[in-house]
Amino acid sequence: MTNYEEVFKKIVAHAKEYGFIFQSSELYDGLGAVYDYGPNGVELKNNIRNYWWKSMINMNDNIVGLDSAIFMHPTTWKASGHIDAFNDPLIDNKDSKKRYRADILIEEYMAKIEAKIEKEVKKATKRFGDSFDEEQFVSTNPRVVGYKEKCSSIIKRFARAMSDNDLADVKALIEELGIVCPVSGTKNWTDVRQFNLMFKTQMGSTADGATDLYLRPETAQGIFVNFLNVQKTARMKLPFGIAQTGKAFRNEIVARQFIFRMREFEQMEMQFFVRPGEEMKWYEYWKELRMKWHQSLGMGEDNYRFHDHETLAHYANAAADIEFKFPFGFKELEGIHSRTDFDLKAHQEFSGKKIQYFDPEINESYVPYVVETSIGLDRMFLTVLSHSFREEGLENGESRALLKIPPFLAPLKAAVLPLTKKDGMPKKAREIMRSLQTDFNCQYEEKDSIGKRYRRQDAIGTPFCITVDHQTLDNNTVTLRDRDSMKQERVAVEKLHSIIFEKVNIAKYLS
RNA sequence: GCGAGUGUAGCUCAGGGGUAGAGCAUCACCUUGCCAAGGUGAGGGUCGUGGGUUCAAAUCCCAUCACUCGCUCCA
């Protein structure tokens with residue numbers, strides 16, 4: 001087993017042992033690629049979401065929040081293109097074990113025929129020189145005409161098979177064309193199967209009166225259909241953004257790598273509406289700003305990089321990912337997409353209602369262009385968890401498991417610990433606890449030796465341990481232990497609040 | 001979906017036809033008191049599930065389920 005697999009396994013085990021992440025429905029042997037957040041996990045997740053919300057909405061005058069429903073009118077997904085784009089016919093080669101999209105295999109086959117036509121044309125150009133009439137040649141040359149007829153019959157047959165949902169004929173077509181697997185070179189294919197990435201459900205309790213609905217595969221559409229509502233009621237002027245966080249659902253064929261790729265996941269998205277023609281400027285602006293946001297966490301600038309997309313999604317004219325170095329390599333964490341006016345225009349067409357903005361500066365109405373920033377909250381959680389996890393060797397030869405979470409994101413800010421259960425220390429510790437817990441998430445613990453309690457707090461990333469000892473009862477001071485250095489200093493009880501606040505204050509991260 | 005691997009206590013694992021084990025963890029009490037201490041005791045498993053072979057199955061056989069890793073896609 002390679003080292004990173006080892007480390008990743010440890011992180012997953014640690015996440016369970018300390019109440020961060022449980023597998024969904026574990027009692028019933030689990031549900032694939034669905035996870036629950038435990039007591040510490042939900043705190044960390046909330047803190048990350050809160051940090052994002054503050055930096056995107058509260059710190060930007062021209063971005064407002066929204067919380068749209070998971071269920072949306074079924075036409076939404078026709079307009080957005082998801083019904084077509086999220087529906088792929090797939091086929092496997094049994095020898096190479098590779099999986100292909102059947103439509104792409106057929107396209108590639110036809111590309112080869114096109115190449116043959118081109119070759120014929122080139123040959124003929126050479127032969128006839130200046131007197132060559134290409135148009136006439138391709139419409140009369142028997143070989144070229146044969147190729148063309150073959151192509152159009154393939155297209156027709158494939159289109160008919162897809163619209164009739166006749167997947168057996170798609171397979172038959174692939175077999176008749178003699179398409180082989182590029183890897184194994186064999187024709188040993190499985191049946192073609194249709195994969196729809198959207199979850200389907202019904203609204204209405206009786207079978208005959210029910211409407212088919214989808215669970216949203218992205219939160220963005222809730223923003224687009226509310227564009228006018230928000231723009232008008234919040235009196236927003238372009239350029240401005242609408243942001244929201246929420247669950248999205250994808251019926252992944254292969255959902256793996258812990259919470260990296262889940263079937264139910266949470267997105268944090270912002271759609272920024274701009275004047276047409278200015279989208280590339282804003283695309284670059286948000287690319288840079290979002291990268292800065294990630295790096296502000298201090299988890300290592302080298303652990304982030306951009307990945308510019310070469311092939312674009314159906315809605316985009318430019319797209320880049322911010323990738324993070326997870327234990328299993330650099331993987332996408334956030335996407336920044338220039339979505340053009342694709343979505344708003346589509347909703348305009350499908351709804352038959354005008355979705356436009358009157359721009360007083362240029363005295364013109366238009367459909368705005370959109371630049372999107374879309375980050376997976378669960379993936380963000382995994383970056384924090386996997387980066388902060390470490391096992392440290394100690395001077396006495398033992399080791400401690402430590403989560404070096406940025407303090408303002410830590411599930412608990414402080415643990416209040418009476419050194420012993422005697423001499424009124426628990427009572428004093430509870431008093432201190434009460435004075436802090438309205439502002440900071442704190443935990444009181446008196447079980448086990450003090451060393452053991454320190455280690456437990458290290459393991460969940462608590463920045464401070466406050467220990468009440470005999471001296472506390474004499475002069476109202478406690479020892480304050482720092483998570484990372486393990487150093488302790490004696491401080492007055494009344495200073496605790498300001499010391500903790502200084503350390504966990506979110507303000508210095510929001511620039 | 002295909003291929004490979006793994007399923008025994010909360011965790012890590014041993015046991016491979018004859019009444020279910022260890023360490024750690026949990027709980028109670030005693031002792032101790034600044035970096036995973038010691039003692040005594042307790043709770044917790046129909047060995048993933050179903051079937052077969054056998055006098056007898058956690059163990060052998062078949063099926064099935066779940067998870068992990070690889071292949072496609074994405075936040």
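Each chain gets a letter, A, B and so on, in the order its sequence line appears, and its residues count up from 1.
Salt-bridge check for A:Asp458 with A:Arg481: passed, with a basic side-chain N closer than 4.0 Å to an acidic carboxylate O.
If you check the side chains of A:Thr340 and A:Asn317, you find no donor sitting under 3.5 Å from an acceptor. Residues A:Ser68 and A:Gln244 have side chains that bring a donor and an acceptor to within less than 3.5 angstrom of each other.
Under a cutoff of 6.0 Å and an axis angle of 45°, A:Arg290 and A:Trp293 form a cation-pi pair. Both tests pass for A:Lys287 against the ring of A:Phe306: distance under 6.0 Å to the centre and angle within 45° of the axis. Relative to the ring axis of A:Phe326, A:Lys331 does not place its NZ or CZ within 45° and under 6.0 Å from the centre. Judged by the 6.0 Å and 45° rule, A:Arg379 forms a cation-pi pair with A:Phe260.
With a glycosidic angle more than 90° from 0, B:rG45 adopts the anti conformation.
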Test salt bridge (charged side-chain N to carboxylate O under 4.0 Å, His left out) applied to A:Lys247 and A:Glu264, step by step: CA-CA 7 Å; A:Lys247 288 282 179 80; A:Glu264 174 180 342; 2.7 Å; yes
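Spacing between B:rG18 and B:rC47 at atom P, rounded to whole Å, works out to 15 Å. The C1' atoms of B:rG50 and B:rA42 are separated by 35 Å, rounded to the nearest whole Å. On the P atoms, B:rG21 is 15 Å away from B:rG15, given to the nearest whole Å. Taking the C1' atom of each, B:rC60 and B:rG16 are spaced 9 Å apart, rounded to whole Å. Of the P atoms belonging to B:rA56 and B:rU40, the separation is 42 Å, rounded to the nearest Å. Taking the C1' atom of each, B:rG44 and B:rC55 are spaced 32 Å apart, rounded to whole Å. Taking atom C1' in both B:rU32 and B:rA37, the straight-line distance is 8 Å, to the nearest Å. Comparing the P positions of B:rA58 and B:rA9 gives an interatomic distance of 15 Å, to the nearest angstrom.
Protein atom CD of A:Gln221 is 12 Å distant from nucleotide atom P of B:rA75, rounded to whole Å.
For A:Lys16, a side-chain nitrogen or oxygen approaches OP1 or OP2 of B:rC11 to under 4.0 Å. Listed pair A:Lys447 / B:rC27 meets the phosphate criterion, a side-chain N or O lying under 4.0 Å from OP1 or OP2.
Residue A:Arg261 places a side-chain atom within donor-acceptor reach of the base of B:rC74, judged by atom type and a 3.5 Å distance cut-off alone.
Along RNA chain B, the nucleotide closest to A:Arg379 and the one closest to A:Glu17 are compared, and the more 5′ of them pairs with A:Glu17.
The residue A:Tyr35 sits close only to the backbone: its heavy atoms come under 4.0 Å of sugar-phosphate atoms, none of a base.
In terms of the side-chain hydrogen bond (donor to acceptor under 3.5 Å, both in side chains) criterion, A:Tyr304 has no residue partners (sequence neighbours excluded).
Listed by first residue number, the stems of RNA chain B with at least three Watson-Crick or G-U pairs below 3.5 Å are B:1-7 with B:65-71, B:10-13 with B:21-24, B:26-30 with B:38-42, B:48-52 with B:60-64.
Paired with A:Pro411 under the rule side-chain contact (heavy atoms from CB on, under 4.5 Å), one option of A:Ile405, A:Leu403, A:Asn47 passes, and it is A:Ile405.
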What string of B, S and - do you get for nucleotides 33-42 of chain B 5' to 3' if you count protein non-hydrogen atoms under 4.0 Å? BBBBS-----
